[in-house]
2 protein chains.
Amino acid sequence: MYERKIPIDYTCGLSIAMEVAISKWKFCLLTEIHKGVVRPKDLFDAVHGISKRVLHQQLKELEFHKLITKTIYPEVPARVEYNLTGDGREVLPLLYAIDQWGLEYVPKLKKLTEEI
Amino acid sequence: MYERKIPIDYTCGLSIAMEVAISKWKFCLLTEIHKGVVRPKDLFDAVHGISKRVLHQQLKELEFHKLITKTIYPEVPARVEYNLTGDGREVLPLLYAIDQWGLEYVPKLKKLTEEI
DNA sequence: GGTGATACTGATTAAATTATCACCATGGTG
DNA sequence: CACCATGGTGATAATTTAATCAGTATCACC
């Protein structure tokens with residue numbers, strides 16, 4: 001993982017959340033896992049636009065931060081499943097709420113950018 | 001403002017929110033303004049660590065996205081005040097909720113990083 | 001032995017976000 | 001005039017986040 005040069009501000013919860021759960025792909029991954037898409041291959045197919053490399057990177061970070069767990073089944077071909085932890089389930093509704101706000105804001109943003 | 005090379009995903013509300021309200025300083029600025037710290041100089045003093053340049057940049061973006069309004073009073077020395085708009089007031093509680101989650105998560109994160 | 005499916009990694013580059021530093025403008029006051 | 005306070009900008013660099021491209025490994029099956 002990337003080693004920060006400027007230390008993170010532990011007094012700002014939003015910064016922490018940005019580090020842990022708010023990034024381009026993590027929200028999508030958490031929601032898909034929540035919906036039952038738990039295998040890497042399926043996640044790759046479900047999350048349109050993500051690359052395999054980034055998928056694994058993000059899953060690894062989510063696992064490191066214990067928002068998801070990883071289970072490896074000794075099958076062939078290999079089967080791996082990711083599932084939400086308590087923390088993961090807890091943060092998801094908050095992310096949904098922000099997502100909802102963002103979606104409602106879209107038309108306003110479009111108007112602003114078109115006006116240029 | 002920076003001109004994106006990769007267009008933003010208008011179907012993901014969280015991406016929009018990240019563009020508009022979720023960044024290193026915007027949350028702090030919105031909360032301070034909400035608390036009544038409305039002049040650039042006072043915001044600069046209140047938000048520890050921000051540079052003047054970045055302060056004005058972020059305020060400009062918040063104004064562009066209509067989360068805050070800017071009022072210029074014809075006084076000397078110049079007086080400028082920023083205030084929340086309806087959209088700004090609407091998104092703030094959601095940001096607070098995330099902030100709260102982040103603060104509760106801090107001890108877990110500290111433990112994880114210390115284990116390395 | 002070659003092919004396919006699944007899961008994953010290393011090295012590098014590109015893009016986006018923040019930071020730094022120097023600078024301008026206005027008008028009041030000593 | 002020099003200096004202060006306020007509000008603000010341009011150019012550039014550093015930091016952080018995400019993308020790209022090529023590659024590894026296991027074991028089944030034909």
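So that the names make sense, note that chain A is the first sequence line, chain B the second, and so on, each numbered from 1.
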Going 5' to 3' through nucleotides 10-21 of chain C and flagging B where a protein heavy-atom sits under 4.0 Å of the base, S where only the sugar-phosphate is that close, and - otherwise, we get BB---SBBSBBB
Contacting residues from residues 39-47 of chain A, given that a heavy atom lies under 4.0 angstrom of DNA chain D:
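Residues of residues 39-47 of chain A under 4.0 Å from DNA chain D: none.
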Could you pull out the closest heavy-atom pair between B:Phe44 and B:Lys52, with the gap in Å?
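The answer is CE1-N, 3.5 Å.
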What is the separation between atom [atom1] on [X] and atom [atom2] on [N], rounded to the nearest whole Å?
| X | N | atom1 | atom2 | result |
| --- | --- | --- | --- | --- |
| A:Glu61 | D:dT16 | CD | C1' | 11 Å |
| A:His56 | D:dA19 | NE2 | P | 15 Å |
| B:Leu14 | D:dA18 | CG | P | 11 Å |
| A:Leu55 | C:dA7 | CG | P | 10 Å |
| B:Tyr73 | D:dG7 | OH | P | 12 Å |
| B:Lys70 | D:dG7 | NZ | P | 10 Å |
| A:Glu75 | C:dA7 | CD | C1' | 14 Å |
| A:Ile16 | D:dT16 | CD1 | P | 14 Å |

Can a donor-acceptor pair be found, under 3.5 Å and without considering hydrogens, that links the side chain of [X] to the backbone of [Y]?
| X | Y | result |
| --- | --- | --- |
| A:Asp42 | A:Val37 | no |
| B:Arg89 | B:Leu84 | yes |
| A:Asp99 | B:Leu14 | yes |

Is B:Tyr82 close enough to D:dG7 that one of its side-chain N or O atoms is under 4.0 Å from OP1 or OP2 there?
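No, no such contact exists.
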Once you build an axis from the first five pairs and another from the last five of the helix from C:dG1-D:dC30 to C:dG30-D:dC1, how far apart in angle are they, to 10 degrees?
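The end-segment axes of the helix from C:dG1-D:dC30 to C:dG30-D:dC1 are tilted 30° relative to each other.
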Pairs satisfying salt bridge (Lys or Arg N to Asp or Glu O under 4.0 Å), at least one member in residues 27-38 of chain B, at least two apart:
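Qualifying pairs: B:Glu32-B:Lys35.
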Check the pair A:Lys26, A:Glu61 against salt bridge (Lys or Arg N to Asp or Glu O under 4.0 Å), reporting the backbone distance first and the verdict last.
CA-CA 9 Å; A:Lys26 280 175 183 160; A:Glu61 289 179 18; 2.7 Å; yes
Protein N or O to nucleotides 28-30 of chain C N or O, pairs below 3.5 Å:
none

Is there a salt bridge (Lys or Arg N to Asp or Glu O under 4.0 Å) between A:Asp87 and A:Lys66? Walk through the geometry before answering.
CA-CA 7 Å; A:Asp87 284 331; A:Lys66 300 193 175 164; over 6 Å; no
Partner set under side chain to side chain donor-acceptor pair (under 3.5 Å) for B:Thr11, not counting sequence neighbours
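Partners of B:Thr11 by the side chain to side chain donor-acceptor pair (under 3.5 Å) criterion, ordered by chain and then number, come out as B:Asp9.
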Decide, yes or no, whether a salt bridge links B:Glu3 with B:Lys5 under the criterion of side-chain N to carboxylate O below 4.0 Å.
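No salt bridge links B:Glu3 with B:Lys5.
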Just call it for B:Lys26: base, sugar-phosphate, or nothing, with non-hydrogen atoms closer than 4.0 Å on any strand.
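No contact.
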